[in-house]
Amino acid sequence: MGNERVIALRSIDLTFYEGEICSIFGASGSGKSTLLNLLAGMEKPNRGQIVIDGTDITKLSEDEMAEFRQRNIGFVFQSYNLLPMLTAEENVAMPLMFLGMDRAKRLRAADVVLREVGLAERLRHYPSQMSGGQQQRTGIARAFVARPKIVFADEPTGNLDSKTTVEIMNMMVRFARQFGETLILVTHNPELVEFTDRIITLKDGEIIEDSYTNREEKHEALT
Ligand SMILES: Nc1ncnc2c1ncn2[C@@H]1O[C@H](COP(=O)(O)OP(=O)(O)OP(=O)(O)O)[C@@H](O)[C@H]1O
Ligand SMILES: [Mg+2]
């Protein structure tokens, strides 16, 4: 920034395992979003590798990265990021378009997931006609519909009340477990890390702690 050099992250060395439910935790400005955006291929690091399932994503061109993301990655945003001109089912069907599925089949698949997140009555509603919690359920349905390998979520409940937060957290964790997907959640809220199996704590761009909430159970699951 101008003459000032901002180091957002340094000496990050992390391995995530398939099916892990992790949180990246830390104060504002600690580098959580930067780390998540790097992992999801939305930003490029100055140095280092980011290998997902054998592919170093830092080596991909923008087009290759876009395709890789469509095939492997789901994202849940704090501000939902639904397309306002599309209904809930059209928003959720979107990621399936890139997989070459025809429209009728896409909408049917979207409906199934929307019913699972409790939105059977809202399939044809537009984002502006839904509450924040309903919009985020739609966001979760969209993130999981194409069964990506990894779902990233950056403060997904940051705009929601505490009751809705618990519903949304349980829903994401349930989906990730059901499909055996890796979930990586960014939060500054110590109550939310309790929903995850592994907590990675950042401070000033560095990892200061990386621990499993139930080590034995996790070890069994990995071996
Ligand atoms: N595009 C950028 N240019 C310069 N500095 C940046 C940029 N993005 C982030 N930073 C800096 O990098 C550091 C980490 O920012 P980051 O957004 O990753 O933090 P965060 O942990 O997600 O914070 P929050 O909880 O407030 O979202 C901060 O010091 C921030 O000011
Ligand atoms: Mg952030």
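Just so you know, these numbers use all the heavy atoms, side chains as well, and skip hydrogens, waters and symmetry mates. First listed ligand is number 1; within each ligand, the first listed atom is number 1.
A141 meets the side chain to side chain contact (heavy atoms under 4.5 Å, CB included) test with V92, V113, L114, V117; sequence neighbours excluded.
In this structure, atom 2 (C) of ligand 1 has no protein heavy-atom contact shorter than 4.0 Å. In this structure, atom 30 (C) of ligand 1 is not in close contact with the protein, since no protein heavy atom lies within 4.0 Å of it. When distances from atom 7 (C) of ligand 1 to the protein are checked, no heavy atom turns up under 4.0 Å. For atom 12 (O) of ligand 1, a protein non-hydrogen atom is found at a distance below 4.0 Å.
Of all non-hydrogen atoms in K203 and S30, the two that sit nearest each other are CA-CB, 4.2 Å. Scanning both residues, E181 and F175, for their nearest heavy atoms gives OE1-O, 4.3 Å. The nearest pair of heavy atoms linking P156 to V76 is CB-CG1, 3.8 Å. Contact record, P148 with G74: CB-N, 3.6 Å, taken as the closest heavy-atom pair.
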**Message:** Run T213 and R198 through side chain to side chain contact (heavy atoms under 4.5 Å, CB included) and show every step you take.
**Reply:** CA-CA 6 Å; T213 41; R198 178 183 178 189; over 6 Å; no
Q) Passes side chain to side chain contact (heavy atoms under 4.5 Å, CB included), F16 versus I184? Steps please. A) CA-CA 9 Å; F16 295 96; I184 304 180; 3.7 Å; yes
Donor-acceptor pairs under 3.5 angstrom involving side-chain atoms of residues 167-174: please list them, not counting sequence neighbours.
{"residue": "E167", "atom": "OE1", "partner": "R137", "partner atom": "NH2", "Å": "2.8"}
{"residue": "E167", "atom": "OE2", "partner": "K163", "partner atom": "NZ", "Å": "3.4"}
{"residue": "N170", "atom": "ND2", "partner": "V166", "partner atom": "O", "Å": "3.2"}

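Atoms of ligand 1 lying under 4.0 Å from any heavy atom of A27, numbered from 1 in the order shown and given with element: 21 (O). Close approach to T34 involves these atoms of ligand 1, each under 4.0 Å from a residue heavy atom: 14 (C), 15 (O), 16 (P), 18 (O).
Judged by distance alone, the side chain of Q136 and the main-chain N or O of G133 form no donor-acceptor pair under 3.5 Å. Here the side chain of K32 pairs a donor or acceptor atom with the backbone of G26 at under 3.5 angstrom. A side-chain donor-acceptor contact under 3.5 Å links T165 to the backbone of D161.
Residue, atom and distance of the protein heavy atom nearest to atom 10 (N) of ligand 1 are V6 CG1, 4.5 Å. When hydrogens are left out, the protein atom nearest atom 25 (O) of ligand 1 is K32 NZ, 2.7 Å; that is the closest non-hydrogen contact.
Considering backbone and side-chain N/O atoms, G29 comes within less than 3.5 Å of an N/O atom of ligand 1. Residue A8 places no N or O, backbone or side chain, under 3.5 Å from any N or O of ligand 1. Between H188 and ligand 1, no N or O atom pair is found at a separation short of 3.5 Å.
Residue G26 places every heavy atom at 4.0 Å or more from ligand 1.
Under 2.8 Å from the Mg ion (ligand 2), one finds the following protein N/O/S atoms: S33 OG.
Compare S30, S28, S33 by their heavy atoms: the one nearest to atom 24 (P) of ligand 1 is in S28.
Under the side chain to side chain donor-acceptor pair (under 3.5 Å) criterion, the residue pairs touching residues 57-66 are D56-T58, D56-K59, S61-E64, with sequence neighbours excluded.
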